[in-house]
Structures are given as structure tokens and as C-alpha cells.
> 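Structure incoming, see below.
Each chain gets a letter, A, B and so on, in the order its sequence line appears, and its residues count up from 1.
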There are 2 protein chains.
Amino acid sequence: MILQIDVNSEKSLYTQIYESILLGIATGSLVPGASLPSVRQLGGELGVNLHTVNKAYRLLAQDGFVVINKKKGAFIAMDFSIDEKDIEELRESMTILLAKAHIKGLSLAETQTLVQSIAQDFTKEA
Amino acid sequence: MILQIDVNSEKSLYTQIYESILLGIATGSLVPGASLPSVRQLGGELGVNLHTVNKAYRLLAQDGFVVINKKKGAFIAMDFSIDEKDIEELRESMTILLAKAHIKGLSLAETQTLVQSIAQDFTKEA
DNA sequence: TTATTGTTATACTATTTATATAACAAGCAA
DNA sequence: TTGCTTGTTATATAAATAGTATAACAATAA
């Protein structure tokens, strides 16, 4: 668990932590049930405050990707479920991305190819 | 040009204006060369400050969707071009969305169907 | 007992978001 | 010329967000 943080990124620190862990789960390097470092430990490794790590963990738990045990620490969730709200959020975010792509002339076929090439990184073995 | 703004939205006001105009272009209700309301006029209609509208216009111009003429006002761009940076940004944003979808069990086929259903709103006539 | 866990509380700084006015330079129409 | 409109710039203010810094708490585990 030596994920990278860029202090010069336009993205906030907790967002970078959130997305790193999210991608870790999606690519299989973080498996369900795996334990995450304590907020103090990861904060120390990354050179950020423990509250910044805690915020990332809290958001991950809110979104169902992580389970937090007050005394044992944070763990990757054992099972993931999708609900109507998830789909609605996905549709809304995807709409903005696809609008930009469409205006700039990207064809549907090209878009589907891009989607497939990204999804391959998730469906393949790590 | 009576677009909607929600002051209780989690999204910032200028982001809502930006995305509304973006979707207007993508769906065809705002055609290339069409003039946008002045920052004062749209600000008045929406009940927001002219600087808030100006920020949305500035970002739209930065991203190539709008052209600003200091004395004539803002217009939808006449032609749109995609560059490597656009594609890289699209890929990065898309990666996060697809990671969430994949973790929550959405299949590639289901994702492609969602993409197609959204894209239809852009390719069809308005 | 002791160390570790997430959590809570407080305080502080910096940035972002949004508003409010005012003024400017340039285009255009009367 | 006069007057109106355009985006822009400048300044100021308030609220929210982001991030850090410390300290303390309750409960688990060794």
C-alpha cells in the first residue's frame, strides 16, 4: 500500500486517496476483506494529515466500497451492491462526459472502443 | 435561453451554468454561432451575479465550446476540435466512472447499453 | 497495562465560491 | 457627440471547503 499523491494536482488530496483505493479495488490489487492502513499510518506514509485520510475512508464507506470498524480499522467491503441512486449518478456523470466527446466529434464507435479498452483493465486478471 | 439553476445543488452555480450550455450544444438546441445572453442578462434571469456567469463562459471558452468577443458578447463556437489532451482527460474521468460501475457489478454489456442510450440523445434530431 | 483503532473537538490558515459595486475601453446606434 | 451595451478588471466581503495541528476519548487487542 504505497499509493502516490501529487500535492500539485488539481484534485484534492482526499479525492486522490479515494480514487487510488477505488482503482485498487477495480483492478484487483485490493481484494474484498483486505485491511487498509490506519488513518495515522497512511497519513504518515503520504505526508498528509490523518483527517485527510479519514475523509477519504469515510467517503469510500459512504459509497459502499469500504467498511469501517471503529476499533479494528478500515477494510475493503466484502460485497458490493448497486442501487437505483448509483445508476442515476453514473448516468448523470456519464452524460456530461459523452456530451463533451460528442461535441468534439468523437463518434459513438470511438467512444465504445474507449470504454472497452478501459474496462479491460478491470475484467482482466491483475 | 431560460436554463434552470438549483441553489441547493451540490454542484457550484457556475458548474451548473457550464453544464447546461454544454448539454444545449450537445442536444442541438444551441447551434454553432448562436449568441449567448450577456453575462448581465443571464445573471439577471438566473438571479446570480454576473461574475458567476462570466466564470462559466470563461471556462466554456477555455474548453473550446464558446468564443468570446469583448464587445459583441459570447457565442457558441463555429467548429470544435479534439486534441490529445481532451482524450486524456476523457479517459481519466471515464476510468473513475467505469471503476465504480465495475466494482458494483455492472457488466460491460450493461455499461455499453447505458452509453448508447445517452449518446442517442445527442445524435438524434432535437 | 499498553498500544492501536476510528472518532470527536478545537483552532487555524488558505483557497474556492459567490456576491456587491464600481469603473474601464470599445463597439454601435441614435 | 451622446448614450447604451459588451466583456473585463479591480476591490471588498462573506461563507464554505480543504488541509493541517493537537489533544483527548472509548474500545479492542496483545
> Under the rule for salt bridge (charged side-chain N to carboxylate O under 4.0 Å, His left out), what residues qualify as partners of A:E89, not counting sequence neighbours?
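A:K85.
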> Between C:dG6 atom C1' and A:Q41 atom CD, what is the distance in whole Å?
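Atom-to-atom, A:Q41 to C:dG6, this comes out as 14 Å.
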> Rounded off to whole Å, could you give me the CG-to-C1' distance for the B:N49 and C:dT21 pair?
9 Å
> Would you call B:L22 and A:I96 a side-chain contact if the rule is heavy atoms closer than 4.5 Å?
yes
> Does any donor atom in the side chain of A:Q116 or A:Q120 lie under 3.5 Å from an acceptor atom in the other side chain?
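Short answer, no.
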> Please report, rounded to the nearest Å, how far the P atom of C:dG6 is from the CD atom of A:Q62.
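Whole-Å distance recorded here is 17 Å.
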> Let me confirm one number: the NE2-CD1 distance from A:H102 to B:I82, rounded to the nearest 0.5 Å.
12.0 Å
> Using whole Å, what does the distance between atom P of nucleotide C:dT4 and atom CG of A:L42 come to?
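Rounding to the nearest Å, CG of A:L42 and P of C:dT4 are 16 Å apart.
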> Taking only nitrogen or oxygen atoms into account, show me every contact under 3.5 Å that the protein makes with nucleotides 28-30 of chain C, one pair per line with its distance.
none

> If hydrophobic clusters are built from ILVMFWY residues whose side chains come within less than 4.5 Å, do A:L30 and A:F75 share one?
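Per the 4.5 Å side-chain linkage, A:L30 and A:F75 are not co-clustered.
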> Going by the rule salt bridge (charged side-chain N to carboxylate O under 4.0 Å, His left out), which residues pair with B:K104 if we only count those two or more places apart in sequence or in a different chain?
A:D86
> Which residues satisfy the side-chain contact (heavy atoms from CB on, under 4.5 Å) test with A:S20, sequence neighbours excluded?
A:L3
> Give me the atom names and distance for the closest heavy-atom approach of B:I76 to B:V31.
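In terms of heavy atoms, the two residues are closest at CB-O, 3.4 Å.
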> Is B:Y14 near enough to C:dT17 that one of its side-chain N or O atoms lies under 4.0 angstrom from OP1 or OP2?
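So the side-chain polar atoms of B:Y14 do come within 4.0 Å of the phosphate oxygens OP1 or OP2 of C:dT17, strictly under.
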> Can you tell me how far P of C:dA25 sits from NZ of B:K70, to the nearest Å?
12 Å
> Please state whether the phosphate of C:dT5, meaning OP1 or OP2, lies under 4.0 angstrom from any side-chain nitrogen or oxygen of A:S38.
yes
> Nucleotides 9-15 of chain C: which of its N/O atoms have a protein N/O under 3.5 Å away?
| unit_1 | atom_1 | unit_2 | atom_2 | d |
| --- | --- | --- | --- | --- |
| C:dA9 | N6 | A:H51 | NE2 | 2.7 |

> Evaluate whether atom CD of A:E110 has more than 12 neighbouring non-hydrogen atoms of other residues, nucleotides or ligands under 6.0 angstrom away.
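Above 12, so yes.
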> Classify the ring geometry between A:Y18 and A:F65 as parallel (under 30°), tilted (30 to 60°) or perpendicular (over 60°).
perpendicular
> Would you grab the first and last nucleotide of DNA chain D (5' to 3') that comes under 4.0 Å of any non-hydrogen atom in chain B?
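The contacted stretch runs from D:dT6 to D:dA10.
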> Determine yes or no for a side-chain-to-main-chain donor-acceptor pair under 3.5 angstrom, with A:Q16 supplying the side chain and A:D6 the backbone.
yes
> Name the residue closer to the 5' end of DNA chain D, choosing between A:G47 and A:N69 according to the nucleotide with the nearest heavy atom.
A:G47
> Provide, to the nearest angstrom, the distance between the CZ atom belonging to A:F75 and the P atom belonging to C:dG6.
9 Å
